[in-house]
Amino acid sequence: ADAIEVWNEPNITVDWPAGQTTGASYVGMLSKAYAAIKSANGNTIVISAAPSPTGSNGGGCGSFCDDKPWLEQLVAADGLKYADCIGIHYNEGIVSPKAIGTDPRDNHYTRYFLTMLNTYSAIVKNARPLCFTELGYLTGEGFSPPLAQAAPSFAWAQNTTVAQQAQWLKEVAEIGKGNQAIRMIIVYNVDLTQYGSDPRGAYAIIRPGGGCPACDSLASVMGSR
């Protein structure tokens with residue numbers, strides 16, 4: 001494998017035992033996985049699990065842990081020794097990735113691509129690059145019923161269009177190409193179709209009917225489709 005991300009969002013109890021959702025707890029697994037992976041292929045990039053961006057300014061780590069303190073705990077527990085790249089997820093944007101301070105919800109740092117990037121880079125002190133293993137923009141355009149009705153907890157993205165999805169992913173690619181802090185960006189997602197309380201299909205760049213405006217916008221930055 002070119003790269004392996006060790007687990008997924010271990011700061012929430014969907015993916016990790018309640019009461020153990022700390023960065024230090026996760027390092028116990030990461031250290032063992034790192035040794036196993038490198039013993040099999042020293043060239044495989046080991047990516048630490050991206051925590052879920054909880055959007056919370058809350059405190060402790062019980063039923064879940066905010067991604068910022070979780071990453072700080074990982075660093076304090078020497079987790080950087082066991083990762084070539086730091087996993088990061090960005091999936092709640094409703095404004096351009098070049099924008100800061102324009103989100104109508106609030107100005108929590110996880111709302112903006114640049115503040116997510118800067119926050120994580122500061123925590124790891126640029127000792128490791130960042131690997132965006134899940135980055136996407138949600139838009140219910142082309143699906144029925146409307147997003148706010150099908151998935152009320154995702155209503156925050158009800159006004160995002162497919163054209164904006166394509167443009168913002170293009171802008172992310174432009175930023176990433178010129179930023180040494182970013183090693184990898186994986187678009188979430190390509191062609192999922194699920195549309196309900198968890199509207200994964202509404203993140204897909206291949207839209208209902210088969211069109212893919214984001215494919216063309218990304219190709220304009222990265223090369224041929």
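A donor-acceptor pair under 3.5 Å is absent between the side-chain atoms of Arg105 and the main chain of Trp156, judged by distance alone. Side chain of Asn189 to backbone of Leu192: a donor-acceptor contact under 3.5 angstrom is found. Under a 3.5 Å cut-off, the side chain of Asn11 and the backbone N or O of Pro51 do not form any donor-acceptor pair. Listed for the Ser121 side chain is no donor-acceptor partner under 3.5 Å among the backbone atoms of Asn118. Judged by distance alone, the side chain of Thr44 and the main-chain N or O of Ala3 form no donor-acceptor pair under 3.5 Å. Judged by distance alone, the side chain of Arg128 and the main-chain N or O of Leu80 form a donor-acceptor pair under 3.5 Å. Side-chain N or O atoms of Trp7 include none that pairs as donor or acceptor with a backbone N or O of Trp16 at under 3.5 Å. The closest donor-acceptor contact from the side chain of Gln194 to the backbone of Asp198 lies under 3.5 Å. Checked by atom type and distance alone, the side chain of Ser25 never pairs as donor or acceptor with a backbone atom of Thr21 at under 3.5 Å. Side-chain atoms of Ser31 come within 3.5 Å of backbone N or O of Gly28 as a donor-acceptor pair.
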**Asked** What's the verdict on side-chain contact (heavy atoms from CB on, under 4.5 Å) for Cys215 and Ile205, showing C-alpha distance, side-chain angles and the deciding distance?
**Response** CA-CA 7 Å; Cys215 295; Ile205 58 175; 4.1 Å; yes

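Taken from OG in Ser52 to CD in Glu9, the straight-line distance is 4.0 Å, to the nearest 0.5 Å. Separation of atoms OH (Tyr82) and CG (Leu74) is listed at 11.0 Å; rounding is to 0.5 Å. Note: Leu114 CG to Tyr90 OH = 8.5 Å, rounded to the nearest 0.5 Å. Between atom OG1 of residue Thr119 and atom NZ of residue Lys68 there is a gap of 7.0 Å, rounded to the nearest 0.5 Å. Atom CD1 of Ile45 sits about 11.5 Å away from atom CD1 of Ile37, to the nearest 0.5 Å. In this structure, CD in Gln20 is found 8.0 Å from OG1 in Thr22, a value given to the nearest 0.5 Å.
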List, one per line, each side-chain donor-acceptor pair under 3.5 Å for residues 130-154, sequence neighbours excluded.
| unit_1 | atom_1 | unit_2 | atom_2 | d |
| --- | --- | --- | --- | --- |
| Thr133 | OG1 | Glu5 | OE1 | 3.1 |
| Thr133 | OG1 | Glu5 | OE2 | 3.0 |
| Thr133 | OG1 | His89 | NE2 | 3.1 |
| Glu134 | OE2 | Asn91 | ND2 | 2.8 |
| Thr139 | OG1 | Glu141 | N | 3.3 |
| Thr139 | OG1 | Thr160 | O | 2.7 |
| Glu141 | OE1 | Val162 | N | 2.8 |

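Counting heavy atoms from C-beta outward, Thr102 and Asn107 have side chains that stay 4.5 Å or more apart. Counting heavy atoms from C-beta outward, Asp67 and Thr110 have side chains that approach closer than 4.5 Å. Within the 4.5 Å cutoff, the side chain of Val172 has no heavy atoms near those of the Ile175 side chain. Residues Gln73 and Cys61 are in side-chain contact: their nearest non-hydrogen atoms beyond the backbone lie under 4.5 Å apart. Considering only heavy atoms from C-beta on, Tyr112 stays 4.5 Å or farther from Met116 through its side chain. Taking the side chain as every heavy atom from C-beta outward, Asn159 and Ile94 never approach each other to under 4.5 Å. In this structure the side chain of Ile47 never reaches within 4.5 angstrom of the side chain of Ile86, judged on heavy atoms. Side-chain contact check for Ile186 versus Met184: some heavy-atom pair is nearer than 4.5 Å.
Sorted by first and then second residue, the salt bridge (Lys or Arg N to Asp or Glu O under 4.0 Å) pairs with a member in residues 80-99 read Lys38-Asp84, Asp78-Lys81, Glu92-Arg111, Lys98-Glu174; sequence neighbours excluded.
The aromatic rings of Tyr26 and Trp70 sit tilted relative to each other, their planes meeting at an angle between 30° and 60°.
Between Thr13 and Pro17 the shortest heavy-atom distance is CG2-C, 4.4 Å. The two residues Pro97 and Phe113 make their nearest non-hydrogen contact at CB-CB, 3.7 Å. Gly176 and Ile182 get closest at one heavy-atom pair: CA-CD1, 3.8 Å. Summarising the geometry of Arg207 relative to Ala202, their closest heavy-atom pair is NH1-O, 3.1 Å, with the distance given to 0.1 Å. In terms of heavy-atom proximity, Lys170 sits nearest to Ser217 at CG-O, 3.7 Å. Nearest approach of Ala181 to Leu117, heavy atoms of both residues: CB-CD1, 4.4 Å.
Applying the 4.5 Å side-chain rule to ILVMFWY residues, one finds Val190 in the same cluster as Ile206.
Within a 6.0 Å sphere centred on CG of Asp106, other residues, nucleotides and ligands contribute more than 12 heavy atoms.
Hydrophobic clustering of Ile, Leu, Val, Met, Phe, Trp and Tyr side chains at less than 4.5 Å, counting indirect connections, unites Ile4 with Leu30.
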